[in-house]
Amino acid sequence: LRRLLTENSGYKRRAGETARKIYLMKKKSLLIAALAVLGAGMGFAQGNGFEAPDAGKRSLFSVGYGLIGVNNVVFFKQEFKNEYLYNDPMASENRFIAVLGLKNKRSLNLIDNGIYLFFDAAYAQVDVSLVIGKVFAGGMDSYDANKIGFAFYGKYPVAVGKSGFTLAPVAGVQYDMVLNARTEHGNNIINGNKDKGTGILLYDRIDTATGTIILKNGTLADFNDLTIKFGLQARYPMSDKIYLDASWLYGITLNNTAVQAAIKLSEDAYDNLPAPANPSKNSYFNNGSTAKFAMGYVF
């Protein structure tokens with residue numbers, strides 16, 4: 001009986017150990033299976049181009065600086081109503097020539113060059129530029145000027161090949177503020193203050209009783225421009241952190257306050273001043289292209 005009891009307890013002990021071994025084996029098998037599934041999932045993700053969230057965030061934001069050049073062309077059209085005063089150098093006095101319906105078209109080039117800084121967020125970009133160039137003042141007048149510009153663009157980059165090269169259609173707006181301006185004779189233009197320089201005088205109205213043109217003092221802000229731009233951006237990575245950036249944009253500049261005053265003067269004079277002092281009715285179309293070349297750094 002003692003031997004049976006001893007053998008029975010030993011059997012139970014061995015059975016318990018065997019059960020524990022089977023349980024541990026199952027636990028290890030489940031762990032191995034879970035690791036295998038996780039590894040397969042990671043391999044599938046990498047094979048299909050998915051990245052960890054951190055990798056995407058690291059390449060989302062970047063900053064840079066570069067060169068900017070703007071070449072704007074202002075198309076200027078004059079339309080005469082009946083006749084205008086013509087100075088004939090071969091005649092002893094001025095004479096009138098009938099020019100019914102005559103239209104005169106001319107153009108004026110405005111070139112800016114400078115530097116710019118930008119902040120890029122993959123699908124949006126903010127630029128701050130500082131340029132030396134020209135500001136349009138209406139008529140066929142332009143002044144030398146220093147300007148600071150603020151631009152915001154939306155874009156949609158598309159990968160080309162496997163090198164990291166991307167092309168992106170770009171569209172946005174730019175607002176240029178005139179810091180200072182100078183006449184063609186080098187005189188600084190001062191905000192409405194003739195004592196310290198050449199004051200800015202803009203058209204106000206015509207005194208119809210006397211035919212006198214009334215002017216008013218203007219400011220540098222009257223020459224600030226708003227431009228709508230769209231074009232294409234190309235970007236090529238030099239390394240994981242450094243890339244080269246090139247952009248070409250076409251822009252249409254809206255008439256600033258000074259140009260609007262010049263247009264109003266031509267229209268009012270056209271309608272109110274009698275012959276033989278009939279002036280022309282003027283219109284302007286200011287447009288051009290912008291080229292930018294920069295280097296950027298990815299956070």
Side-chain angles (χ1 to χ4, degrees), residues 63-76 107-120 124-154 170-194 196-203 216-231 233 245-263 284-295:
V63 295
Y65 67 95
L67 303 177
I68 182 172
V70 181
N71 182 18
N72 268 23
V73 180
V74 181
F75 292 100
F76 171 50
S107 62
L108 175 69
N109 274 57
L110 306 172
I111 298 177
D112 297 338
N113 292 295
I115 59 174
Y116 78 104
L117 305 175
F118 68 87
F119 174 79
D120 191 283
Q125 182 171 314
V126 177
D127 292 358
V128 179
S129 59
L130 185 64
V131 302
I132 300 174
K134 296 282 188 178
V135 61
F136 182 51
M140 291 301 288
D141 296 327
S142 64
Y143 301 136
D144 294 330
N146 297 332
K147 297 179 283 186
I148 183 171
F150 303 92
F152 175 80
Y153 302 105
V170 179
V173 295
Q174 177 166 331
Y175 185 72
D176 292 311
M177 299 176 60
V178 179
L179 300 177
N180 56 67
R182 296 168 299 282
T183 66
E184 59 183 0
H185 302 294
N187 297 324
N188 289 330
I189 295 177
I190 308 299
N191 290 343
N193 187 344
K194 297 180 184 179
K196 297 182 179 179
T198 302
I200 300 173
L201 296 175
L202 301 180
Y203 169 73
K216 62 181 179 180
N217 287 328
T219 67
L220 288 176
D222 294 323
F223 298 97
N224 294 347
D225 286 325
L226 179 65
T227 305
I228 301 171
K229 295 187 176 184
F230 56 91
Q233 179 187 70
D245 186 286
S247 301
W248 180 89
L249 303 168
Y250 171 76
I252 299 175
T253 301
L254 306 182
N255 292 328
N256 58 37
T257 303
V259 176
Q260 291 176 18
I263 293 174
Y284 309 93
F285 180 61
N286 188 350
N287 73 126
S289 59
T290 300
K292 301 190 297 182
F293 302 93
M295 178 177 292

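Predicted, not measured: the structure shown is a model, and the values here were computed from it. Worth knowing before you read on, the calculation uses all heavy atoms, side chains too, and leaves out hydrogens, waters and symmetry mates.
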Participant: Please tell me if the side chains of Ser129 and Ile115 come closer than 4.5 Å, counting only heavy atoms from C-beta onward.
Facilitator: no
Participant: Nearest 0.5 Å please: distance from the OG atom of Ser247 over to the NZ atom of Lys229.
Facilitator: 10.5 Å
Participant: By side-chain contact (heavy atoms from CB on, under 4.5 Å), which residues pair with Thr253, not counting sequence neighbours?
Facilitator: Asn72, Asp225, Thr227, Asn286
Participant: Considering all heavy atoms of both residues, which atom of Thr219 and which atom of Asp222 are nearest to each other, and what is their separation?
Facilitator: N-OD2, 2.8 Å
Participant: So how far is it from Leu202 CG to Thr257 OG1, rounded to the nearest 0.5 Å?
Facilitator: 8.0 Å
Participant: If you look at every heavy atom in Leu110 and Ser142, which pair is closest and at what distance?
Facilitator: CD2-CB, 3.7 Å
Participant: Would you check if Leu108 and Phe136 make a side-chain contact, meaning some heavy-atom pair closer than 4.5 Å?
Facilitator: yes
Participant: Any side-chain heavy atom of Phe119 within less than 4.5 Å of one from Gln125?
Facilitator: no
Participant: Can you name the nearest heavy-atom pair linking Ser107 to Val73, along with the distance?
Facilitator: CB-CG1, 3.9 Å
Participant: Ignoring hydrogens and geometry, is there a side-chain-to-backbone donor-acceptor pair from Lys147 to Lys134 under 3.5 Å?
Facilitator: yes
Participant: Determine whether Val135 and Arg182 make a side-chain contact, defined as any pair of heavy atoms from C-beta on separated by less than 4.5 Å.
Facilitator: no
Participant: If I take atom CE from residue Met295 and atom CZ from residue Phe118, how far apart are they, to the nearest 0.5 angstrom?
Facilitator: 10.0 Å
Participant: Go through Asn224 and Tyr175 one step at a time and tell me if the side chain to side chain donor-acceptor pair (under 3.5 Å) criterion holds.
Facilitator: CA-CA 7 Å; Asn224 294 347; Tyr175 185 72; 3.2 Å; yes
Participant: Could you tell me whether the side chains of Asp245 and Gln233 share a donor-acceptor contact shorter than 3.5 Å?
Facilitator: yes
Participant: Working to the nearest 0.5 Å, report the span between CD1 of Ile252 and CZ of Phe230.
Facilitator: 6.0 Å
Participant: How long is the span from the CG atom in Leu67 to the CG atom in Asn113, to the nearest 0.5 Å?
Facilitator: 9.0 Å
Participant: Taking the side chain as everything from C-beta on, heavy atoms only, tell me whether Leu117 gets closer than 4.5 Å to Val63.
Facilitator: no
Participant: Between Gln174 (side chain) and Phe152 (backbone), is there a donor-acceptor pair under 3.5 Å?
Facilitator: no
Participant: Just by distance, no angles: are the side chains of Tyr250 and Asn287 close enough, under 3.5 Å, to form a donor-acceptor pair?
Facilitator: yes
Participant: In Å, rounded to the nearest 0.5 Å, how long is the span from CG of Asp176 to CG of Leu226?
Facilitator: 9.0 Å
Participant: Which of parallel (below 30°), tilted (30 to 60°) and perpendicular (above 60°) describes Tyr284 and Phe76?
Facilitator: parallel
Participant: Going by the angle between their ring planes, with limits at 30° and 60°, are Phe223 and Tyr143 parallel, tilted or perpendicular?
Facilitator: perpendicular
Participant: Heavy atoms only: give me the nearest Leu220-Leu179 pair and the separation to one decimal.
Facilitator: CD1-O, 3.5 Å
Participant: So, do Met177 and Phe150 sit near enough that their side-chain heavy atoms are less than 4.5 Å apart?
Facilitator: yes
Participant: For the CD1 atom on Ile132, are there more than 12 heavy atoms of other groups (residues, nucleotides or ligands in this structure) within a distance under 6.0 Å?
Facilitator: no
